Visitor: 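Have a look at this one before I ask anything.
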Amino acid sequence: MLPSGSTPLVPSMAARSAVTPSPIATMSITRKVAVIVGVGPGLGAAAARRFAGAGYNVALLARRQDALNELKTEIEAGTTGAKAAAIACDVTVESSSPVGVVIYNPRFFKMGPFLSLKPDDYDQGWKVLAHGAVVVAQQFLPSMLEAGGGTIIFTGATAALRGGAGFSALSMPKFAVRSLAQSLAREFGPQGIHVAHVVVDGTINETGDDGAVISPAAIADEYVHLAQQPRSSWTHEVDLRPYKEKF
């Protein structure tokens, strides 16, 4: 559900004729739209910049409006010609506009000894990561199917591949998102929808090439590459790590 004062991407069918169109609905149809769910100062912002540079308009979704306005201004002041919609909302969104790419990149991190964690810690991770992924996919898949194609990218983590000691609250929903991505790829791939899961195996930080961290801009480049792959050679899962990371 949407918090008070926030704006859905596009109103429900019953209400569309009675309300002002939302920012994403009024974007030019000459460009596809990349929707980035979970825009922070790291990977989300980097993805927005890269997709704007690749010819997309971008819809920036996060819970806090003030976190989005500066990035919107930066993108629209650039030389790409891209438009940006800054939308404060939770994950329940709707769209019938020409969305070409959806990136599901919410932030959740909770770790600790199993017996020190509460059931609410697990509920929070489930709602933010797994439940949110289901909601977003169900909202955007219909318009992608109607358009005959689209790309959905889920940001994963090492915790999606193995459960480490102290990481149970993160691993459970991350495993679920990876499983959802696999199911969606097998169901909707034959219908023209490219579903990809990106395992980010390392710490994301823009601190230079020291081999210990992953540049958010480098991850964003991979996201653009996934979105532009020809249908004859789609990648479903890719893992990204700095060159000194053990695996």
Side-chain angles (χ1 to χ4, degrees), residues 1-12 22 24 33-45 47-48 51 58-65 67-68 85-95 97 99 101-111 117-144 150-161 167-185 187-188 193-200 204 219-220 223 226-227 237:
M1 51 189 297
L2 296 170
S4 176
S6 61
T7 306
L9 288 181
V10 174
S12 64
S22 65
I24 189 173
V33 176
V35 176
I36 302 161
V37 182
V39 177
L43 177 54
F51 275 94
V58 291
L60 314 172
L61 276 65
R63 290 191 178 95
R64 292 173 48 241
Q65 186 73 43
L68 302 173
I87 305 166
C89 66
D90 280 336
V91 296
T92 304
V93 293
E94 297 181 46
S95 176
S97 54
V99 172
V101 180
V102 173
I103 298 171
Y104 192 65
N105 180 59
R107 176 170 174 77
F108 173 83
F109 185 82
K110 185 74 175 182
M111 64 174 295
L117 298 174
K118 306 299 182 184
D120 284 349
D121 295 322
Y122 292 88
D123 288 343
Q124 182 185 9
W126 183 262
K127 290 175 182 177
V128 171
L129 297 176
H131 177 78
V134 170
V135 170
V136 168
Q138 287 189 334
Q139 294 293 341
F140 286 103
L141 273 168
S143 62
M144 287 184 171
T151 300
I152 301 177
I153 301 173
F154 296 98
T155 299
T158 313
L161 304 180
F167 286 89
S168 58
L170 178 63
S171 290
M172 285 178 61
K174 282 293 190 182
F175 265 72
V177 172
R178 185 181 186 227
S179 177
L180 174 67
Q182 292 176 357
S183 295
L184 296 182
E187 181 173 352
F188 294 102
I193 309 301
H194 183 190
V195 180
H197 180 256
V198 179
V199 178
V200 180
I204 302 174
I219 301 173
Y223 283 8
L226 288 168
E237 186 167 76

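This one's a predicted model, so the numbers in the text were calculated from it and none came from an experiment. Index from 1, following the sequence.
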Visitor: Apply side chain to side chain contact (heavy atoms under 4.5 Å, CB included) to Leu117 and list each qualifying residue two or more places apart in sequence or on a separate chain.
Guide: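 Leu117: side chain to side chain contact (heavy atoms under 4.5 Å, CB included) contacts with Lys110, Asp121, Tyr122, Ser168, Ala169.
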
Visitor: Can you name the closest pair of heavy atoms from Gly125 and Pro173 and give their distance?
Guide: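 Nearest pair, atom of Gly125 first, then Pro173: O-CB, 3.5 Å.
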
Visitor: Would you say Glu237's side chain and Val198's backbone share a donor-acceptor pair under 3.5 angstrom?
Guide: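 No, Glu237 side chain to Val198 backbone: no donor-acceptor pair under 3.5 Å.
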
Visitor: Working to the nearest 0.5 angstrom, can you tell me the gap between Leu141 CG and Leu184 CG?
Guide: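 Result: 6.5 Å between the selected atoms.
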
Visitor: With distance as the sole test, does Ser179 use its side chain to make a donor-acceptor pair with the main-chain N or O of Phe175 at under 3.5 Å?
Guide: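 Not a single qualifying donor-acceptor pair exists.
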
Visitor: Considering non-hydrogen atoms only, spot the tightest contact between Pro142 and Ala137 and give its length.
Guide: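 Looking at all heavy atoms of both residues, the shortest contact is CD-O, 4.4 Å.
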
Visitor: Nearest 0.5 Å, please: how far is CG in Leu226 from CD1 in Ile153?
Guide: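 The distance works out to 5.0 Å.
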
Visitor: How long is the straight-line distance from CG of Leu129 back to CZ of Arg107, given to the nearest 0.5 Å?
Guide: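 The CG atom of Leu129 is 11.0 Å from CZ of Arg107, to the nearest 0.5 Å.
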
Visitor: Taking it one step at a time, do Phe108 and Gln124 satisfy side chain to side chain contact (heavy atoms under 4.5 Å, CB included)?
Guide: CA-CA 8 Å; Phe108 173 83; Gln124 182 185 9; 3.8 Å; yes

Visitor: Measuring from atom CZ of Phe109 to atom CZ of Phe167, what distance do you get when rounded to the nearest 0.5 angstrom?
Guide: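 Phe109 CZ to Phe167 CZ: 4.5 Å, rounded to 0.5 Å.
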
Visitor: Between Met111 and Leu170, does the side chain to side chain contact (heavy atoms under 4.5 Å, CB included) criterion hold? Intermediate values first, please.
Guide: CA-CA 7 Å; Met111 64 174 295; Leu170 178 63; over 6 Å; no

Visitor: Would Tyr223 and Thr151 count as a side-chain hydrogen bond (donor to acceptor under 3.5 Å, both in side chains) here? Give the steps.
Guide: CA-CA 10 Å; Tyr223 283 8; Thr151 300; over 6 Å; no

Visitor: Who pairs with Ala160 by side chain to side chain contact (heavy atoms under 4.5 Å, CB included), at least two apart in sequence or on another chain?
Guide: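 Applying side chain to side chain contact (heavy atoms under 4.5 Å, CB included) to Ala160 gives Lys174, Arg178, His197.
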
Visitor: Looking only at heavy atoms, what is the nearest atom pair of Asn105 and Leu43, with distance?
Guide: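 Of all heavy-atom pairs spanning Asn105 and Leu43, the closest is OD1-CD2, 3.4 Å.
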
Visitor: Would you name the heavy atoms of Leu68 and Ala88 that are closest together and state the gap between them?
Guide: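 The answer is CD1-N, 4.1 Å.
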
Visitor: Considering non-hydrogen atoms only, spot the tightest contact between Ala47 and Ile103 and give its length.
Guide: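 In this case the closest contact between Ala47 and Ile103 is CB-CD1, 4.1 Å.
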
Visitor: So Val101 and Val35, side chain to side chain contact (heavy atoms under 4.5 Å, CB included) or not? Walk me through it.
Guide: CA-CA 6 Å; Val101 180; Val35 176; over 6 Å; no

Visitor: Determine the minimum heavy-atom distance between Ala45 and Val39, stating which atoms define it.
Guide: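 Distance-wise, the nearest heavy atoms are N-CG1, 4.1 Å.
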
Visitor: When rounded to the nearest 0.5 angstrom, what is the spacing between CG in Leu180 and OH in Tyr104?
Guide: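 That separation rounds to 10.0 Å.
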
Visitor: Under the criterion side chain to side chain contact (heavy atoms under 4.5 Å, CB included), I'd like the reasoning laid out for Glu187 against Val195: C-alpha separation, chi angles, the key distance, then a yes or no.
Guide: CA-CA 10 Å; Glu187 181 173 352; Val195 180; over 6 Å; no

Visitor: Can you check whether Lys118 reaches Asp123 side chain to side chain, under 4.5 Å on heavy atoms?
Guide: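 No, too far: nothing below the 4.5 Å cut-off.
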
Visitor: So do Thr155 and Val200 actually touch side chain to side chain, heavy atoms under 4.5 Å?
Guide: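 The answer is yes, as the side chains (C-beta and beyond) meet within the 4.5 Å cut-off.
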
